Novice: 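Take a look at this one; I'll ask things after.
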Amino acid sequence: MLLSDIVELHSGQAQFRITETSDTNASVYSYYSQAHLEQDLNLSDAPVSSKEIRTFDRITSLLSIGDVVFSLISGKAAQVGKLHHHFLYTQNYVKLVPKAQIDAGYLIYLLNENQTLHKQLSCGLQGSQVLKYTTKQLKSLKLPKLPTLSKQRLIGDIYLKQQKLTYLKQRVAYLERQLVLKQLQNVSVR
């Protein structure tokens with residue numbers, strides 16, 4: 001079974017096709033970036049400044065909370081969080097809409113962690129300076145046999161919670177280190 005058999009793929013909007021304006025009556029959109037994807041995947045909580053565009057053009061590539069987005073640059077997938085609702089995704093991203101046979105969390109787990117899929121993706125990297133995955137390549141991914149939907153939900157839920165837990169543990173370790181360094185600095189000044 002191919003990914004395109006059980007997932008609809010929607011490519012992002014090409015940036016160069018959006019006409020920017022300085023008119024304050026135009027709608028303003030924030031671009032979804034790799035830093036936003038990392039926040040959604042619980043890899044970072046660093047503040048991210050968002051690049052914005054003001055336009056009268058009809059924008060069709062907007063993300064909603066819960067959407068699954070795949071980066072054609074990093075090869076990572078994430079579920080869009082509330083911070084990035086209504087962000088504009090460009091041609092560097094693909095929105096994946098799972099059909100009834102696959103759970104969104106499990107899809108993210110497969111794309112991020114399955115070694116067979118990683119090998120398939122790495123064989124078709126394109127570009128001379130910046131390597132990039134393609135939508136065609138993504139569509140043609142051969143998926144392993146899928147577990148039952150209830151197992152998929154369980155695996156996806158555990159995976160996403162583990163991502164969050166790993167991030168929180170790293171954050172605690174970082175803050176503890178900062179606290180100890182501050183205390184050492186205070187001791188050495190006296």
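Since the structure is predicted, the reported quantities are computational estimates derived from the model, not experimental observations.
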Novice: Can you give me the closest heavy-atom contact between K95 and L62, atom names plus distance?
Specialist: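 Residues K95 and L62, closest heavy atoms: NZ-O, 3.8 Å.
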Novice: T166 and Q162: side-chain donor and acceptor closer than 3.5 Å?
Specialist: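 T166 vs Q162: donor-acceptor pair found between side chains.
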Novice: Y89, I73: one ILVMFWY side-chain cluster at the under-4.5 Å cut-off?
Specialist: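 Unlinked, Y89 and I73 end up in two clusters.
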Novice: So Y106 and Y109, would you call those rings parallel, tilted or perpendicular, with 30° and 60° as cut-offs?
Specialist: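 Answer is tilted, since the angle falls between 30° and 60°.
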Novice: Got a donor-acceptor contact below 3.5 angstrom from the D57 side chain to the I59 backbone?
Specialist: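 Here the side-chain-to-backbone pair does not exist.
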Novice: Do L72 and Q91 make a side-chain contact, defined as non-hydrogen atoms from C-beta onward lying under 4.5 Å apart?
Specialist: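 Heavy-atom side-chain distance check fails, nothing below 4.5 Å.
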Novice: Measure the shortest side-chain to side-chain distance between Q15 and K51 over non-hydrogen atoms and say whether it is less than 4.5 angstrom.
Specialist: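 Yes. Closest side-chain heavy atoms under 4.5 Å.
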Novice: Judged by atom type as modelled, is there a donor-acceptor pair below 3.5 Å linking the side chain of H118 to the main-chain atoms of N112?
Specialist: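 Checked: pair present.
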Novice: Okay, side chain of S64, backbone of D67: is any donor-acceptor separation there less than 3.5 Å?
Specialist: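 No.
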Novice: Might you work through the side chain to side chain contact (heavy atoms under 4.5 Å, CB included) test for T116 and L143, ending with a clear yes or no?
Specialist: CA-CA 8 Å; T116 305; L143 298 177; over 6 Å; no
Novice: Taking Y29 for its side chain and H86 for its backbone only, find out whether a donor-acceptor pair lies under 3.5 Å.
Specialist: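 No, Y29 side chain to H86 backbone: no donor-acceptor pair under 3.5 Å.
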Novice: Do H36 and E38 have a side chain donor and acceptor closer than 3.5 Å?
Specialist: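 Checked: H36/E38 side chains show no N/O donor-acceptor pair below 3.5 Å.
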Novice: Specify the closest pair of heavy atoms between Q39 and V48, including all atoms of both residues, with the distance to one decimal.
Specialist: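 Of all heavy-atom pairs spanning Q39 and V48, the closest is NE2-CG2, 3.5 Å.
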Novice: Tell me whether Y32 is reachable from L111 by hopping between hydrophobic residues (I, L, V, M, F, W, Y) whose side-chain heavy atoms are closer than 4.5 Å.
Specialist: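 No.
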Novice: Could you go through the side chain to side chain contact (heavy atoms under 4.5 Å, CB included) check for K161 and I158 one step at a time?
Specialist: CA-CA 5 Å; K161 286 180 177 170; I158 290 170; 5.9 Å; no
Novice: Distance from K151 atom NZ to L149 atom CG, nearest 0.5 Å?
Specialist: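 Nearest 0.5 Å value for the NZ-CG distance: 12.5 Å.
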Novice: Give me the atom names and distance for the closest heavy-atom approach of L9 to S4.
Specialist: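 Closest approach of L9 to S4: CD1-CA, 4.3 Å.
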Novice: For a side-chain hydrogen bond (donor to acceptor under 3.5 Å, both in side chains) with D40, tell me which candidate from Q79, H84, K76 qualifies.
Specialist: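 Among the candidates, only H84 passes.
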Novice: Quick check: does any side chain N or O of T55 sit under 3.5 Å from a backbone N or O of I18, one acting as donor and the other as acceptor?
Specialist: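 Checked: no pair found.
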Novice: How long is the straight-line distance from CD of Q170 back to CG of L165, given to the nearest 0.5 Å?
Specialist: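 Between atom CG of L165 and atom CD of Q170 there are 10.0 Å.
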Novice: Between S71 and Q34, do the side chains contain an N or O donor and an N or O acceptor separated by less than 3.5 Å?
Specialist: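 Side chains of S71 and Q34: pair found under 3.5 Å.
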Novice: Flag yes if I155 and L3 sit in one hydrophobic cluster, no otherwise; membership is Ile, Leu, Val, Met, Phe, Trp, Tyr, and two members link when side-chain heavy atoms are under 4.5 Å apart.
Specialist: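 Result: yes, single cluster for both.
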Novice: Which atom pair, heavy atoms only, marks the closest approach of L160 to G105?
Specialist: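 In this case the closest contact between L160 and G105 is CD1-CA, 4.0 Å.
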Novice: Using the rule given for side chain to side chain contact (heavy atoms under 4.5 Å, CB included), can you reason through F56 versus S27, listing the C-alpha separation, both sets of side-chain angles and the distance that settles it, and then say yes or no?
Specialist: CA-CA 6 Å; F56 286 111; S27 298; over 6 Å; no
Novice: Look up atom OG in S74 and atom OH in Y93, then write down how far apart they are to the nearest 0.5 Å.
Specialist: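 The OG atom of S74 sits 7.0 Å away from the OH atom of Y93.
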Novice: Under 3.5 Å, is there a donor-acceptor pair between the side chain of Q185 and the main chain of K182?
Specialist: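 Answer holds: no.
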Novice: Please say whether more than 12 non-hydrogen atoms of neighbouring residues, nucleotides or ligands are located less than 6.0 Å from NZ in K169.
Specialist: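 Atom NZ in K169 is not crowded, with 12 or fewer foreign heavy atoms closer than 6.0 Å.
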Novice: Between L141 and I6, is there shared hydrophobic-cluster membership here, with clusters defined by ILVMFWY side-chain heavy atoms closer than 4.5 Å?
Specialist: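 L141 and I6: one cluster.
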Novice: Mark yes or no for whether Q120, through its side chain, and K142, through its backbone, hold a donor-acceptor pair below 3.5 Å.
Specialist: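 Checked: pair present.
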Novice: Might you point out which heavy atoms bring K139 and L2 nearest each other, and give the distance in Å?
Specialist: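 Taking every non-hydrogen atom into account, O-CB, 3.8 Å.
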Novice: Go through V68 and I108 one step at a time and tell me if the side chain to side chain contact (heavy atoms under 4.5 Å, CB included) criterion holds.
Specialist: CA-CA 7 Å; V68 176; I108 293 167; 3.9 Å; yes
Novice: If hydrophobic clusters are built from ILVMFWY residues whose side chains come within less than 4.5 Å, do V94 and Y31 share one?
Specialist: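 Hydrophobic grouping puts V94 apart from Y31.
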Novice: Quick check for you: to the nearest 0.5 Å, what is the distance between S33 atom OG and L88 atom CG?
Specialist: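 Between atom OG of S33 and atom CG of L88 there are 11.5 Å.
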Novice: Considering only heavy atoms from C-beta outward, does the side chain of R177 approach that of V180 to under 4.5 Å?
Specialist: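 No, their side chains stay 4.5 Å or more apart.
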Novice: Return the minimal non-hydrogen interatomic distance between F70 and L121, and the atom names on each side.
Specialist: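 Of all heavy-atom pairs spanning F70 and L121, the closest is CZ-CD1, 4.2 Å.
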Novice: Any heavy-atom pair between the side chains of I102 and Q152 that's under 4.5 Å?
Specialist: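 Touching, per the 4.5 Å side-chain cut-off.
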Novice: Can you find a pair of side-chain heavy atoms, one from L138 and one from V7, that are under 4.5 Å apart?
Specialist: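 In short, these two side chains do not touch, never coming nearer than 4.5 Å.
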Novice: Whether the side chain of D157 engages the backbone of L154 through a donor-acceptor N/O pair (distance < 3.5 Å, no angle test) should be reported.
Specialist: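 A pair under 3.5 Å: no.
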Novice: Classify the side-chain pair Q13/T90 by whether it contains a donor and acceptor separated by less than 3.5 Å.
Specialist: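 Not at all, the side chains of Q13 and T90 share no donor-acceptor pair under 3.5 Å.
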